[in-house]
Enquirer: 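Sending over a structure as structure tokens; questions will come in a sec.
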Amino acid sequence: MKKIALLGHGVVGSGVMEILTKNRKLLARQAGEGVEAAWVLDRRAFPGLPYSQRFTQDFSAIREDPEVAVVLEALGGVEPAYTWARESLLAGKSVITSNKELVAEKGDELLALAAEKGVHFLFEASVGGGIPILQPLRESLTANHILEIAGILNGTTNFILTKMFREGAAFGDALREAQELGYAEADPTADVEGHDACRKICILASIAFGSHFYPREVRTQGITRISPEDVAYAARWGGAIKLIGRARRAPDGRAALEVSPMFVPGDCLLSGVNGVYNAVQVTGDMVGTTLFYGPGAGKLPTASAMVGDLITALTQPAGSRPLPWGPAKPELSQPWEEHTAQAFLRVTGMEPDALETFFPGARFLEPLAEGEAAFITAPATQGELDAAQEAAGAAGGKVLSRITVLEGSR
Ligand code: HSE
């Protein structure tokens with residue numbers, strides 16, 4: 001019998017236990033012998049479960065148990081997850097985590113430590129819930145220079161946007177439902193302000209580009225300022241608004257990362273991703289554009305990814321294909337002001353002719369309200385768009401919205 005320990009019996013942790021129980025025979029076949037949680041660490045007691053007697057609040061019992069080969073961490077947050085992941089690795093145990101905050105902050109360090117100790121540090125569940133994306137990126141796409149990753153990386157916000165703009169739900173009601181379904185973070189600000197998506201694009205970029213990207217260095221904007229009018233204009237333009245995490249290779253080789261709501265054209269498959277589903281579009285120089293799609297949050301999808309990693313850790317030698325994920329190289333990041341973009345703008349107090357002097361090449365949409373102009377800019381840097389916006393503002397134009405366009409096949 002292979003013994004493992006689970007840290008955290010919340011939404012995801014209890015999902016891991018459910019899979020270990022329900023798919024016990026299948027997992028025993030995959031692992032070559034039965035797999036059992038010897039310990040479950042949680043501050044709370046869970047009486048009445050078949051495994052209630054395995055709960056502990058003492059991490060040292062897990063660290064000191066020589067029979068435990070793998071620790072699954074589903075606590076969330078950097079501490080105490082970081083300390084316990086580190087101590088587990090130092091004790092020669094593999095670590096599997098669903099914790100994006102931990103990986104985005106400490107991924108390079110924990111990977112290096114796992115390599116030094118000859119064990120696994122795996123985190124498929126940290127991005128895209130149940131979608132297999134990290135394994136394909138690190139294995140199946142290695143023949144490519146990755147040119148761009150663009151994805152809907154947060155299930156909660158995609159669920160909220162879908163509920164609000166397809167079903168007319170209020171923001172608070174849609175968020176509450178996402179919380180009840182177990183999609184949202186403990187503090188849902190991380191979802192709605194884009195921080196969760198930011199952690200995930202940093203993890204993807206670190207794997208794709210080979211050096212650590214920190215969330216604090218990435219310009220991040222959430223969904224709280226999107227208005228029904230903006231959504232109506234996106235539909236009129238022929239697309240939808242989605243919260244997108246994007247990492248691109250700029251022509252000079254630097255990496256350009258950002259998280260923000262974007263106008264996604266209708267002929268881009270990301271525009272049709274709804275509800276709690278996530279999708280990650282990866283473009284490589286040889287393969288072209290690929291798309292990974294599936295449930296981006298929730299108990300069993302996320303636990304499915306963790307248990308998949310668990311079987312890998314139990315059956316594959318560690319270190320045979322180390323991740324090319326080194327320390328951060330800030331000089332290889334392109335500042336947001338230098339990113340090339342097109343943007344949607346909604347302006348009052350200025351006629352299209354005057355606006356065109358500030359935004360040459362603007363393509364105007366039919367306005368939805370009197371006295372309002374809406375247009376898509378020609379490509380420019382975000383810094384140039386800032387300057388044009390400021391100049392138009394000084395001349396009396398009031399910018400109500402500015403939303404970046406995800407360049408697609410149109
Ligand atoms: N809060 C996250 C989301 C959970 O909504 O996507 C999955 O990482």
Side-chain angles (χ1 to χ4, degrees), residues 7-8 10-16 19 72-78 81 96-105 107 122-135 137 149-164 169 171-207 215 220-224 226 242-246 259-261 270 273-280 292-309:
L7 310 183
V11 173
V12 177
S14 61
V16 168
I19 294 177
L72 286 86
E73 185 273 310
L75 296 161
V78 174
I96 313 295
T97 184
S98 57
N99 184 337
K100 3 344 125 90
E101 206 174 344
L102 174 68
V103 180
E105 288 300 330
L122 299 172
F123 41 89
E124 181 66 64
S126 66
V127 179
I131 306 173
I133 173 65
L134 303 189
Q135 190 87 339
L137 195 55
I149 301 175
I152 295 169
L153 298 172
N154 181 268
T156 301
T157 45
N158 209 43
F159 180 85
I160 292 172
L161 289 176
T162 305
K163 284 266 165 194
M164 282 174 71
F171 180 89
D173 292 341
L175 172 59
R176 211 164 307 115
E177 197 178 339
Q179 288 175 297
E180 280 161 15
L181 289 165
Y183 301 155
E185 296 301 294
D187 175 3
T189 318
D191 296 296
V192 298
E193 296 298 351
H195 305 304
D196 179 76
C198 181
R199 291 165 190 150
K200 292 165 177 168
I201 196 65
C202 285
I203 295 169
L204 290 166
S206 300
I207 295 176
T220 299
Q221 200 186 313
I223 63 165
T224 47
I226 298 175
K242 297 287 177 190
L243 182 66
I244 299 290
R246 177 165 66 174
V259 174
S260 72
L270 293 177
V273 174
N274 289 307
V276 74
Y277 280 80
N278 282 190
V280 190
F292 300 83
Y293 171 83
K299 176 175 167 171
L300 291 177
T302 312
S304 157
M306 287 193 87
V307 177
D309 274 351

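One is the number of the first residue; the rest follow in order along the sequence. Order of listing sets the numbers, starting from 1, for every ligand and every atom in it.
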Enquirer: Using a 4.0 Å heavy-atom cut-off, which part of Thr156 comes near ligand 1: side chain, backbone, both, or neither?
Expert: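 Within the 4.0 Å criterion, Thr156 contacts ligand 1 through backbone and side-chain atoms alike.
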
Enquirer: Where is the tightest heavy-atom contact between Val259 and Gly245, given as atom of each residue plus distance?
Expert: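 For Val259 and Gly245, the tightest heavy-atom pair comes out as CG2-CA, 4.1 Å.
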
Enquirer: Given that the side chain starts at C-beta and the backbone is N, CA, C, O, which of these parts of Asp196 lies under 4.0 Å from ligand 1, counting heavy atoms, or is it both or neither?
Expert: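 Only the side chain of Asp196 comes within reach of ligand 1.
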
Enquirer: Need the ligand 1 atom indices (1-based, order shown) with element for anything under 4.0 Å from a heavy-atom of Tyr183.
Expert: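 The list of qualifying atoms is 1 (N), 2 (C), 3 (C), 4 (C), 5 (O).
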
Enquirer: How are the rings of Tyr183 and Phe159 set relative to one another: parallel (under 30°), tilted (30 to 60°) or perpendicular (over 60°)?
Expert: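 Correct class here is perpendicular.
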
Enquirer: Looking at every heavy atom in both Thr302 and Ser98, which two are closest together, and how far apart are they?
Expert: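 Minimum heavy-atom contact is CG2-CB, 4.1 Å.
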
Enquirer: May I ask you to list the atoms of ligand 1 that are less than 4.0 angstrom from any heavy atom of Asp191?
Expert: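 Answer for ligand 1: 1 (N), 2 (C), 3 (C), 5 (O).
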
Enquirer: Quick check: closest heavy atoms across Ala81 and Asn99, and the distance to 0.1 Å?
Expert: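 That would be CB-ND2, 3.5 Å.
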
Enquirer: Starting from atom 6 (O) of ligand 1, locate the nearest protein heavy atom and write down its residue, its atom name and how far away it is, to 0.1 Å.
Expert: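 Checking every protein heavy atom, the shortest distance to atom 6 (O) of ligand 1 gives Gly155 N, 2.8 Å.
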
Enquirer: Short N/O distance, under 3.5 Å, between Asn278 and ligand 1?
Expert: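 Checking ligand 1 against Asn278, no N or O pair falls under 3.5 Å apart.
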
Enquirer: When you compare the side chains of Thr97 and Glu73, does any donor N or O come within less than 3.5 Å of an acceptor on the partner?
Expert: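 Side-chain D/A pair, Thr97 to Glu73: present.
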
Enquirer: Under a 4.0 angstrom heavy-atom cut-off, which atoms of ligand 1 come close to Glu185?
Expert: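 So the atoms of ligand 1 that pass are 1 (N), 2 (C), 4 (C).
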
Enquirer: Quick check for you: to the nearest 0.5 Å, what is the distance between Leu204 atom CG and Arg246 atom CZ?
Expert: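 Atom-to-atom, Leu204:CG and Arg246:CZ are 14.5 Å apart.
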
Enquirer: With heavy atoms of Lys200 as the reference, note each atom of ligand 1 found under 4.0 Å away.
Expert: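 So the answer, numbered in order with elements, is 2 (C), 3 (C), 6 (O), 7 (C), 8 (O).
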
Enquirer: Can you find a side-chain donor-acceptor pair between Asn274 and Lys163 that sits under 3.5 Å?
Expert: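 No - no donor-acceptor pair under 3.5 Å links their side chains.
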
Enquirer: Gly296: heavy atom below 4.0 Å from ligand 1, yes or no?
Expert: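 Flag set, Gly296 near ligand 1.
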
